[in-house]
Amino acid sequence: MTEEKVLGLIEKEEIEDMEIKELFYDVFYKAVFGREQDILLKKLKIILDIKERYDNPITMIGYEIPITRKDSKVNRCDILIELSDDTYIHIEMNKGKDDNILSRNIIQVSRIYGNLRKSGKKDKELENLRIQQINLNNFKGISGKAIEHIMLCEKESGKIASEILSFCNVDVEKCYKMIYNKDIKDISKAERWGAILKAKSIKELSYILGGDMLSMEEKERFLKAVREVNSDDRILQDWMIEENARMAYEGEMSTARRDGRIEGMIEGIKEGKKKGIEQGIDKKTNEVIGFFNAFEKSEK
């Protein structure tokens, strides 16, 4: 299907249109799906291929659900969802490429598992735990697929070594591009949920949802929530704070790179580490060195 035809179909959507901020911005994602948790559950079940039914499905853990403030700053916390069968789903939104994302994910879900162990759960109860990490990425995953699933496997045989921890990468940009390169009926529901995060108008969002992703009542409710969130001055202000902070940080890093300041700082820290090895390097210094090493790697 050509892009012109898709745009024509979108234009024919018989609903009141408005431009919207992408749900890929975590402020909008959390605000919309925090209100419509049953729709969030539907989305997660499709992306993660969850078969179970839930009567009391979701407990959402995270400071931005709903969005709150502390010391005049937007509180940041990833979305952690608890389902009623001891399944925990951790959602993270990644705009920039990170070569160490899988290692970081393993640390994140391991911390969740560790906290649950400390909560007093018995070993028998811990056997039923399932912790899943969803990465909503703006870049390609390991396999290059729009949606890829990763589990811990035995290296030689490839057999699954553990079902406790699993990971799902969603390439939201690739999912979105599919909308304009394929017939909508040839795109899986999981991929369409990925594409929804990049929709830029109510009509486009409605077109991607089609008539088979949600019931008519759910679809109307979802579109209404998106409209209301995009008309909420407080949420828009939080989004502007987040975006300004991100752009300022990227600008500072770019300027520092051009001025050669980062290289000088790295060399200074390394030199200090070399001189102080006998006395022992404190944890904070090692964290700073790790940050600059990671930044160096990401810039290459």
Side-chain angles (χ1 to χ4, degrees), residues 6-7 9-47 57-58 60 62-68 74 76-79 81 89 91-95 134-138 146-147 170-180 184 187-243 246:
V6 171
L7 290 170
L9 291 171
I10 291 173
E11 190 57 37
K12 288 180 182 178
E13 287 285 313
E14 296 180 358
I15 57 172
E16 183 182 347
D17 199 17
M18 70 178 285
E19 291 186 3
I20 59 173
K21 297 291 186 293
E22 297 173 5
L23 290 175
F24 189 58
Y25 293 110
D26 61 349
V27 169
F28 290 97
Y29 184 98
K30 292 171 184 177
V32 170
F33 286 110
R35 298 182 188 193
E36 303 298 332
Q37 294 187 15
D38 57 333
I39 295 174
L40 173 60
L41 178 61
K42 263 194 172 182
K43 178 174 86 79
L44 295 176
K45 289 181 73 173
I46 289 171
I47 289 177
I58 286 182
M60 300 182 78
Y63 287 113
E64 277 191 348
I65 307 168
I67 295 170
T68 60
V74 177
R76 298 190 179 282
C77 183
D78 294 307
I79 301 176
I81 296 166
I89 301 172
I91 304 174
E92 184 173 294
M93 312 182 91
N94 303 295
K95 289 185 170 60
I134 295 182
N135 295 309
L136 303 174
N137 298 332
N138 203 31
I147 297 178
V170 181
D171 181 346
V172 296
E173 185 66 32
K174 184 168 186 175
C175 290
Y176 181 70
K177 286 179 178 177
M178 285 182 178
I179 301 302
Y180 294 94
I184 196 75
I187 304 172
S188 72
K189 288 183 179 180
E191 291 164 337
R192 283 160 62 192
W193 271 117
I196 279 167
L197 301 182
K198 299 289 286 185
K200 297 170 178 60
S201 71
I202 289 292
K203 280 193 173 184
E204 187 178 37
L205 186 56
S206 177
Y207 169 74
I208 298 171
L209 281 169
D212 58 340
M213 300 270 275
L214 301 171
S215 69
M216 185 72 72
E217 184 270 332
E218 287 172 333
K219 182 175 178 179
E220 288 178 1
R221 208 161 22 90
F222 185 66
L223 295 178
K224 180 182 178 183
V226 174
R227 284 193 186 94
E228 289 177 351
V229 165
N230 276 268
S231 302
D232 189 313
D233 290 339
R234 181 175 60 87
I235 293 174
L236 288 167
Q237 183 182 24
D238 286 340
W239 170 75
M240 289 174 65
I241 291 170
E242 181 182 271
E243 280 300 285
R246 181 182 63 81

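Below, all heavy atoms of this structure are taken into account, side chains as well, without hydrogens, waters or symmetry copies.
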Neighbour count >12 (heavy atoms, 6.0 Å) for atom CD, Glu217
yes

Is there a side-chain contact between Val32 and Phe222, using heavy atoms and a 4.5 Å cut-off?
yes

NZ-CG distance between Lys30 and Leu40, expressed to the nearest 0.5 angstrom
12.5 Å

Worked check of side chain to side chain contact (heavy atoms under 4.5 Å, CB included) between Glu22 and Phe28:
CA-CA 7 Å; Glu22 297 173 5; Phe28 290 97; over 6 Å; no

State whether the side chain of Lys219 and the backbone N or O of Gly210 hold a donor-acceptor pair below 3.5 Å, judged by distance alone.
yes

Can you confirm whether more than 12 heavy atoms, excluding those of Met240, are under 6.0 Å from its CE atom?
no

CD of Glu191 to CD1 of Ile47: how many Å apart, nearest 0.5 Å?
10.5 Å

If we only count heavy atoms from C-beta on, is the Val172 to Asn137 side-chain gap below 4.5 Å?
no

Measure from the side-chain N and O atoms of Glu218 to the backbone N and O of Ser215, and report whether any donor-acceptor pair falls under 3.5 Å.
yes

More than 12 foreign heavy atoms under 6.0 Å from NZ of Lys177: is that the case here?
no

Could you please spell out the steps behind the salt bridge (charged side-chain N to carboxylate O under 4.0 Å, His left out) verdict for Arg221 and Asp38?
CA-CA 11 Å; Arg221 208 161 22 90; Asp38 57 333; 2.9 Å; yes

Going by heavy atoms in the side chains, are Gln37 and Phe33 under 4.5 Å from each other?
no

Here the pair of heavy atoms bringing Met178 nearest to Ile187 is O-CD1, 3.4 Å

For a salt bridge (charged side-chain N to carboxylate O under 4.0 Å, His left out) check, start with the C-alpha distance between Arg35 and Glu228, then their side-chain angles and the critical distance, and finish with the verdict.
CA-CA 11 Å; Arg35 298 182 188 193; Glu228 289 177 351; 3.2 Å; yes

If you take all heavy atoms of Gly194 and Val170, which pair is closest and at what distance?
CA-CG1, 4.1 Å

Applying side chain to side chain contact (heavy atoms under 4.5 Å, CB included), run through Glu92 and Asn94 and close with a yes or a no.
CA-CA 6 Å; Glu92 184 173 294; Asn94 303 295; 2.7 Å; yes

Value rounded to 0.5 Å, distance of CD1 in Ile184 from CG in Leu9
9.5 Å

Nearest 0.5 Å, what's the CG-CG distance between Asp233 and Asp238?
11.0 Å

Test: Glu204 and Lys198 ion pair at under 4.0 Å
no

Side-chain touch Met213/Ile196, heavy atoms, less than 4.5 angstrom
yes

Nearest atoms (heavy-atom pairs only) where Ile179 meets Ala195
CG1-CB, 3.7 Å

Qualifying residues under side chain to side chain contact (heavy atoms under 4.5 Å, CB included), relative to Ile15, sequence neighbours excluded:
Glu13, Ile202, Lys203, Ser206, Leu223, Arg227

Under 4.0 Å between a side-chain nitrogen and a carboxylate oxygen: does that hold for Lys95 and Asp26?
no

Only one of Ile81, Ile147, Ile89 forms a side chain to side chain contact (heavy atoms under 4.5 Å, CB included) with Ile134, so which one is it?
Ile89

Verify the ring-centre separation between Tyr25 and Tyr29: is it less than 6.0 angstrom?
no

Step-by-step side chain to side chain contact (heavy atoms under 4.5 Å, CB included) determination, Glu220 to Lys224
CA-CA 6 Å; Glu220 288 178 1; Lys224 180 182 178 183; over 6 Å; no

Given side chains that start at C-beta, do those of Ile91 and Leu44 come closer than 4.5 Å, heavy atoms only?
yes

Could you check whether Tyr176 and Tyr180 have their ring centres less than 6.0 Å apart?
yes

Could you walk me through whether Arg192 and Asp212 pass salt bridge (charged side-chain N to carboxylate O under 4.0 Å, His left out), step by step?
CA-CA 11 Å; Arg192 283 160 62 192; Asp212 58 340; 2.7 Å; yes

Quick one: CD1 on Ile235 to CG on Asn230, what's the gap to the nearest 0.5 Å?
8.5 Å

What distance do Asn138 atom CG and Phe24 atom CZ have between them, rounded to the nearest 0.5 Å?
4.5 Å

Take Leu41 and Lys45 through the test side chain to side chain contact (heavy atoms under 4.5 Å, CB included) and record every step on the way to the result.
CA-CA 6 Å; Leu41 178 61; Lys45 289 181 73 173; 4.0 Å; yes

